[in-house]
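In what follows, every heavy atom counts, from backbone to side chain, and hydrogens, waters and symmetry copies are set aside.
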Amino acid sequence: LIMGLIFGLLYWDVYDKETINFSILDAQMCIVMSVLMAVWLPYDVTLTFPKERRIFLRERKAGLYTTSQFYCARIAADVPAHIVSSLIMALIVWGMAGLKCNLGGFCLIMVYAILIGASMMQFIGAISRTFEEANIYMMTIMMMSMMLGTGFVREVPEFFDWARDISIMGICA
């Protein structure tokens with residue numbers, strides 16, 4: 001709710017500008033920033049594996065389940081809340097900003113973005129021993145992915161072309 005309201009207020013009635021170019025740029029930035037924020041919304045899932053590691057290791061040693069089963073179950077358990085969160089944010093931003101893009105398409109992109117973000121952050125948490133380690137990896141990977149998207153940098157140096165091609169936030173935005 002809060003993120004939707006913040007972006008909705010910042011880009012209020014985005015097409016009501018004196019200069020057409022500003023309207024187009026602001027509409028583009030409204031969509032890009034909303035999608036990028038949707039990727040960041042499930043930040044708390046980074047804690048899942050470092051926080052539950054001892055319990056998980058004990059239960060896996062007892063033969064209760066494999067790592068992949070635990071990973072998939074944790075992601076699946078969070079999916080409904082993530083979908084609802086992204087839909088609420090999409091509806092608020094779309095309505096307040098007065099976006100002219102298709103509402104269904106915008107909602108699908110927002111859902112896609114939050115699920116991709118949650119999966120990436122779960123993965124980063126899973127390969128980390130502690131929350132501090134997960135936080136360092138997550139900030140580095142996610143910030144580079146965000147900065148390499150076209151919403152921030154129109155042209156990257158040639159040696160970063162490969163990174164732009166795999167930037168999950170760049171692809172979503």
Side-chain angles (χ1 to χ4, degrees), residues 1-8 31-94 102-153 156 159-173:
L1 283 171
I2 292 171
M3 292 313 301
L5 290 171
I6 289 171
F7 284 105
I31 293 167
V32 167
M33 293 305 293
S34 297
V35 170
L36 292 179
M37 188 49 59
V39 174
W40 283 102
L41 275 179
Y43 172 78
D44 63 314
V45 301
T46 309
L47 279 171
T48 301
F49 287 96
K51 190 169 71 173
E52 298 177 2
R53 184 169 308 281
R54 283 198 324 220
I55 296 167
F56 163 71
L57 290 174
R58 185 186 66 215
E59 291 174 349
R60 189 182 75 183
K61 190 175 181 179
L64 297 176
Y65 47 79
T66 65
T67 304
S68 60
Q69 289 171 323
F70 179 70
Y71 181 77
C72 291
R74 286 299 305 165
I75 290 174
D78 292 336
V79 165
H82 292 155
I83 289 174
V84 169
S85 297
S86 64
L87 289 175
I88 290 170
M89 185 175 164
L91 291 170
I92 292 171
V93 171
W94 188 84
N102 181 288
L103 176 59
F106 185 59
C107 287
L108 284 175
I109 290 170
M110 294 290 281
V111 168
Y112 174 75
I114 200 169
L115 294 179
I116 292 295
S119 297
M120 286 300 296
M121 291 181 204
Q122 286 274 17
F123 171 72
I124 291 167
I127 63 170
S128 305
R129 288 181 300 257
T130 64
F131 175 65
E132 291 77 19
E133 185 179 333
N135 202 27
I136 291 168
Y137 292 149
M138 192 268 308
M139 290 303 283
T140 304
I141 293 167
M142 300 302 271
M143 286 301 290
M144 280 300 291
S145 179
M146 185 174 80
M147 296 307 292
L148 288 168
T150 57
F152 286 92
V153 180
V156 295
F159 54 87
F160 269 135
D161 280 342
W162 66 271
R164 180 171 252 178
D165 292 339
I166 62 169
S167 165
I168 60 163
M169 288 194 195
I171 293 168
C172 287

What do you reckon, is CD1 of I2 surrounded by more than 12 foreign heavy atoms closer than 6.0 Å?
no
Would a distance-only check, ignoring hydrogens and angles, find a side-chain to backbone donor-acceptor pair under 3.5 Å from S145 to I141?
no
Measuring from L36:CG to M33:CE, what's the distance to the nearest 0.5 Å?
6.0 Å
Pairwise distance CE(M110) to CD1(I88) - rounded to 0.5 angstrom
11.0 Å
CZ/F106: more than 12 non-hydrogen atoms of other groups inside 6.0 Å:
yes
Smallest separation among heavy atoms of C107 and L91, with atom names:
SG-CD2, 4.3 Å
Under 3.5 Å, side-chain donor or acceptor atoms of residues 73-83 against the rest of the protein: list the pairs with distances, not counting sequence neighbours.
unit_1	atom_1	unit_2	atom_2	d
D78	OD2	Q122	NE2	3.3
H82	ND1	D78	O	3.4

Where Y137 and I124 come nearest, the two heavy atoms and their spacing:
CB-CG2, 3.7 Å
If you measure from CZ on R60 to CD1 on I55, what distance do you get to the nearest 0.5 Å?
14.5 Å
Between N135 and M138, is the side chain to side chain contact (heavy atoms under 4.5 Å, CB included) condition met? List the steps.
CA-CA 5 Å; N135 202 27; M138 192 268 308; 3.6 Å; yes
Quick one: closest heavy-atom pair of G4 and V93, and the distance?
O-CG2, 3.6 Å
Smallest heavy-atom separation, A134 atom then S128 atom, equals CA-OG, 3.2 Å
Output the distance between atom CG (L148) and atom CD1 (I166), rounded to the nearest 0.5 Å.
9.0 Å
Taking atom CH2 of W40 and atom CE of M3, what is their separation to the nearest 0.5 Å?
12.0 Å
Euclidean distance, L47 CG relative to T130 OG1, rounded to 0.5 Å:
10.5 Å
Counting only heavy atoms not in F70, do more than 12 sit closer than 6.0 Å to its CZ atom?
yes
Report the relative orientation of the aromatic rings in Y43 and F131; use parallel for angles under 30°, tilted for 30 to 60°, perpendicular for over 60°.
perpendicular
